[in-house]
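What you see below is based on every heavy atom in this structure, not just the backbone, and it leaves out hydrogens, waters and symmetry mates.
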Amino acid sequence: MSNKVISIEYRLTDPATGEELDSNIGQPRLEFISDKQHIIPGLESKIVTMKTGEVADVLVEAKDGYGEYIEELIQILPKEQFAGIDLVEGMPLYGTDENGQTIQVTVKSLTETDVTIDHNHPMAGRDLMFNVTVLDIRDATQEEIDTGIVGGEHYDSCGCGSGHCS
């Protein structure tokens, strides 16, 4: 099912503990274009087989989610590189990589002289359980296919974020 706009509602939990990690229930629906790598592959591969109105529990293993945890992505940097930032363990930091892409790292620990940052995604190495409801499936417009943005110019023109002007 290629180039479909799929709208979902989801609740994400840790399958080992049942702890809720994220949810969009009661909030705007999550909309994505299939085959554009907008969501993690382990979740998309199940959703694209579902029909509108269908509900499913989807267990996504770490390798099919945010990837395995990679120790080599831990980096120790001199604290002076973070001058002016009130660092706290666990806080996210945002920067730019060598290709100009925005990246997020997490402050893993800090000492008087060093800051240990983690380039892994915060959910790397974790299995994830999604309870998903498919709310809508439709063909993507040519503009959505070309831009990879659901709703295209609509969001710029009225700002309602609903995908439809009323």
Side-chain angles (χ1 to χ4, degrees), residues 1-25 27-50 54-135 137 140 144-150:
M1 183 169 26
S2 202
N3 294 322
K4 298 288 186 183
V5 174
I6 304 173
S7 302
I8 64 169
E9 183 175 75
Y10 69 91
R11 180 173 179 262
L12 170 61
T13 58
D14 181 318
T17 66
E19 172 194 3
E20 184 173 297
L21 304 172
D22 192 23
S23 174
N24 76 334
I25 296 173
Q27 298 174 31
R29 60 183 57 194
L30 172 65
E31 296 181 304
F32 68 95
I33 303 170
S34 61
D35 292 333
K36 295 282 189 187
Q37 293 141 4
H38 289 165
I39 65 172
I40 58 176
L43 181 58
E44 182 172 348
S45 67
K46 174 61 178 173
I47 290 173
V48 298
T49 69
M50 297 170 65
E54 194 172 342
V55 178
D57 286 327
V58 182
L59 177 63
V60 178
E61 293 181 9
K63 66 180 176 54
D64 297 320
Y66 294 97
E68 298 295 344
Y69 190 86
I70 302 169
E71 287 293 330
E72 292 78 22
L73 294 179
I74 304 297
Q75 187 176 18
I76 300 173
L77 299 170
K79 196 169 188 176
E80 61 261 14
Q81 285 190 12
F82 300 91
I85 302 173
D86 188 19
L87 297 172
V88 178
E89 232 175 79
M91 82 183 290
L93 294 173
Y94 299 91
T96 308
D97 68 12
E98 61 276 356
N99 300 319
Q101 298 293 317
T102 300
I103 59 167
Q104 177 184 336
V105 298
T106 304
V107 176
K108 195 163 175 70
S109 64
L110 47 139
T111 67
E112 291 296 317
T113 58
D114 297 317
V115 178
T116 302
I117 60 170
D118 187 348
H119 289 265
N120 285 288
H121 187 281
M123 292 196 193
R126 296 179 78 166
D127 292 341
L128 304 168
M129 177 60 77
F130 288 86
N131 176 265
V132 180
T133 303
V134 175
L135 302 173
I137 301 171
E144 290 170 329
I145 294 166
D146 293 345
T147 65
I149 300 170
V150 175

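You'll find the side chain of L110 reaches within 4.5 Å of the side chain of K79, heavy atoms only.
The distance from the CD1 atom of I117 to the CG atom of N120 is 11.0 Å, given to the nearest 0.5 Å. With rounding to the nearest 0.5 Å, the separation of CD1 in I39 from CZ in F130 is 8.0 Å. Distance CD1/I47 to CD1/I137: 9.5 Å, rounded to 0.5 Å. Considering OG of S23 and CG of L30, their distance stands at 11.0 Å, rounded to 0.5 Å. Remark: D118 CG to E71 CD distance equals 8.0 Å, nearest 0.5 Å. To the nearest 0.5 angstrom, E68 atom CD is 12.5 Å from L73 atom CG.
Between V48 and S34 the shortest heavy-atom distance is CG1-CB, 4.1 Å. In plain terms, the two heavy atoms of N24 and I8 that are nearest each other are ND2-O, 3.2 Å. Here the closest heavy-atom approach between residue P41 and residue G65 is recorded as CD-O, 4.1 Å.
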For this session: Determine, stepwise, if the pair V107 / V88 fulfils side chain to side chain contact (heavy atoms under 4.5 Å, CB included).
Result: CA-CA 7 Å; V107 176; V88 178; over 6 Å; no
Exercise. What's the verdict on side chain to side chain contact (heavy atoms under 4.5 Å, CB included) for M123 and L12, showing C-alpha distance, side-chain angles and the deciding distance?
Worked result: CA-CA 11 Å; M123 292 196 193; L12 170 61; 3.9 Å; yes
For this session: Kindly determine whether H38 and F32 satisfy ring-ring contact (aromatic ring centres under 6.0 Å, His included), including the steps that lead there.
Result: CA-CA 6 Å; H38 289 165; F32 68 95; 7.3 Å; no
Exercise. I70 and H119: side chain to side chain contact (heavy atoms under 4.5 Å, CB included), yes or no, with the steps?
Worked result: CA-CA 9 Å; I70 302 169; H119 289 265; over 6 Å; no
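Other residues, nucleotides and ligands contribute at most 12 non-hydrogen atoms within 6.0 Å of the CD1 atom of I76. For Q37, the CD atom counts as loosely surrounded, since its 6.0 Å shell holds 12 or fewer non-hydrogen atoms of other residues, nucleotides or ligands. Summarising the local packing, NZ of K36 is surrounded by more than 12 heavy atoms from other residues, nucleotides or ligands at distances under 6.0 Å.
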Under 3.5 Å, side-chain donor or acceptor atoms of residues 91-98 against the rest of the protein: list the pairs with distances, not counting sequence neighbours.
residue: D97; atom: OD1; partner: N99; partner atom: N; Å: 2.8
residue: D97; atom: OD1; partner: G100; partner atom: N; Å: 3.1
residue: D97; atom: OD1; partner: Q101; partner atom: N; Å: 2.9

Pairs under 3.5 angstrom only: tabulate donor-acceptor contacts from the side chains of residues 55-64 to other protein residues two or more places apart or in another chain.
residue: D57; atom: OD1; partner: N131; partner atom: ND2; Å: 2.8

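The side chain to side chain donor-acceptor pair (under 3.5 Å) analysis of residues 3-18, with sequence neighbours excluded, yields the pairs K4-D139, S7-E31, Y10-D22, R11-E20, D14-R126.
When atom types are taken as modelled, the side chain of T111 and the backbone of T113 share a donor-acceptor pair closer than 3.5 angstrom.
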